[in-house]
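Input: a single structure, listed below in structure tokens.
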Amino acid sequence: MEERVYTLIKNRNNPRSKLFAHRVIDWQQRHGRHGLPWQGADVYRVWLSEIMLQQTQVVTVIPYYLRFVARFPTIAVLASDSEDAVLAHWSGLGYYSRARNLHRTAQLIMQRYEGKFPQHFEDILALPGIGRSTAAAISAFAFHERCAILDGNVKRLLARYHAIEGYTGEKKIEAQLWQQAEALLPKRNVAVYTQGLMDLGALICTRSKPQCPICPLQTDCAAYQNELVTQLPTPRPRKVLPEKHSTFLLLLNGPDILLEKRPGSGIWGGLWCPPHVDPGLLNEAQDPRAYCLQYFGTETIHTLALSTFTHTFTHFKLHITPLLLQVINKPKQIQEAGMAWLNVDDALQAAIPTPVRKLLQEIQTRRRAL
DNA sequence: AAACCGGGGTA
DNA sequence: TACCCAGGTTT
């Protein structure tokens with residue numbers, strides 16, 4: 001908070017920042033994006049759009065957003081529905097922990113704020129799934145507060161505008177960028193300004209092939225003036241990806257497949273997956289059939305080992321070996337919560353990660369061929 | 001295949 | 001507090 005007061009004072013009578021903001025606002029009014037479904041909407045819709053936009057581009061978000069608000073028109077409706085219903089409407093957008101945070105936050109707002117979204121920046125920032133930049137965006141768009149955002153687009157734009165070298169995820173560089181973001185804030189029209197920054201970053205100051213010739217900041221942009229645009233921002237330092245292995249047990253019983261809901265945190269948090277074991281564990285048991293009998297109470301015929309494929313995450317590669325196992329006894333009623341026999345068609349509608357979707361689709365294809 | 005990304009988790 | 005993580009899209 002002190003920091004913002006400081007920049008406010010410093011910002012006063014600073015013609016350079018005034019020029020910057022003026023150009024952004026003027027460009028936004030002439031050429032920026034208008035008529036997006038969440039522009040000028042209530043804080044719930046602004047919040048929802050910001051969470052969806054954290055992970056996905058505007059054109060992709062729009063249909064999901066419209067379906068979501070049609071199904072969950074208010075915070076109260078969202079809070080009172082089940083997590084699975086919320087995840088189902090998020091299905092296809094990915095990043096499901098954000099949907100779960102959204103749902104959790106809606107319930108928290110009902111309890112702690114009597115259903116009314118908090119208006120103060122600090123309270124917004126304290127909500128699950130909302131960090132500094134998202135809290136600022138909500139404050140600016142919904143409450144016209146004078147708060148600076150710093151999302152990926154703005155990082156790139158500012159790194160170029162000031163020719164700041166160094167990976168923008170690095171602590172030191174990020175601190176510089178935040179300072180600039182605050183220093184450049186206009187006194188008025190913060191919502192238009194903020195949308196302008198986002199739109200400039202998304203439409204003009206793009207990662208590759210930026211449209212410098214039509215950029216309103218061209219004459220002041222240090223990267224442009226020094227021909228550094230293609231070199232900035234500095235890319236993330238590269239790392240070698242570790243590799244892991246996993247065996248997926250595809251237990252099939254007629255039209256059904258056994259899935260388990262993964263724990264809330266970690267890889268594929270809260271998503272439905274077939275049971276899987278790391279190879280070391282299975283080697284000990286030797287026989288996947290014995291493993292299935294022990295853990296799932298199912299007699300199985302080991303029908304087929306599908307070909308191993310690789311799924312690449314940001315931080316490691318996962319080599320997946322799918323084993324197709326046909327269940328031959330009628331499986332006992334599932335006792336554990338978070339385990340279910342699901343019709344493959346229904347499973348494809350549920351919240352499942354991409355490699356699982358691939359496998360389920362392959363199972364369906366095989367079935368049709370039979 | 002690599003780059004990207006805002007917030008959460010953890011040591 | 002300073003890292004490190006996650007997963008889907010874009011290039």
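Reminder, nothing fancy here: chain letters follow the sequence lines and each chain counts from 1. All values derive from a computational prediction rather than experimental measurement.
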Phosphate OP1/OP2 of B:dG7: any A:Thr134 side-chain N/O under 4.0 Å: yes
Sugar-phosphate only, base, or nothing, as touched by A:Thr354 at under 4.0 Å among non-hydrogen atoms: sugar-phosphate
Side chain of A:Pro235 - closest among B:dG8, B:dC4, C:dT10: B:dC4
Whether A:Tyr291 and A:Phe296 hold their rings parallel, tilted or perpendicular, with breakpoints at 30° and 60°: perpendicular
Near-ring test A:Phe121/A:Phe143, centroid separation under 6.0 angstrom: no
Nucleotide C:dA6, atom C1' - distance to CD1 of A:Ile51 in whole Å: 16 Å
Gap between atoms CG and P, on A:Asn153 and B:dC4 respectively (whole Å): 13 Å
Nearest-Å distance for atom pair CD/P, residues A:Gln54 and C:dG8: 15 Å
Atom pair distance, as rounded to whole Å: CZ in A:Arg132 and P in B:dG6: 13 Å
Nearest-nucleotide pick for A:Tyr96, side chain only, options being B:dG7, B:dC5, C:dG8: C:dG8
Whole angstrom value for the distance that separates P of B:dG6 from CH2 of A:Trp47: 19 Å
For A:Gln54, the option from A:Thr134, A:Asp151, A:Val61 that meets side-chain contact (heavy atoms from CB on, under 4.5 Å): A:Thr134
Nearest-Å distance for atom pair CZ/C1', residues A:Phe316 and C:dA6: 8 Å
Donor-acceptor pair (no angle test) under 3.5 Å: A:Arg98 side chain, B:dG7 base: no
Length of the CG-C1' vector between A:Leu271 and C:dG8, whole Å: 12 Å
Rounded distance (Å) that lies between atom P of B:dC5 and atom CD1 of A:Ile130: 21 Å
N/O (side chain, A:Gln57) to phosphate O (OP1/OP2, C:dT10) under 4.0 Å: yes
Nearest-nucleotide 5' precedence on DNA chain C, A:Lys171 against A:Ser208: A:Lys171
Distance test, side-chain N/O of A:Arg156 to OP1/OP2 of B:dC5, below 4.0 Å: yes
A:Arg71 atom CZ, over 12 foreign heavy atoms within 6.0 Å: yes
Among A:Asp345, A:Val344, A:Leu250, A:Thr365, the one residue meeting side-chain contact (heavy atoms from CB on, under 4.5 Å) with A:Leu360: A:Val344
Among B:dG8, B:dG7, B:dC4, the one nearest A:Pro128 by side-chain distance: B:dG8
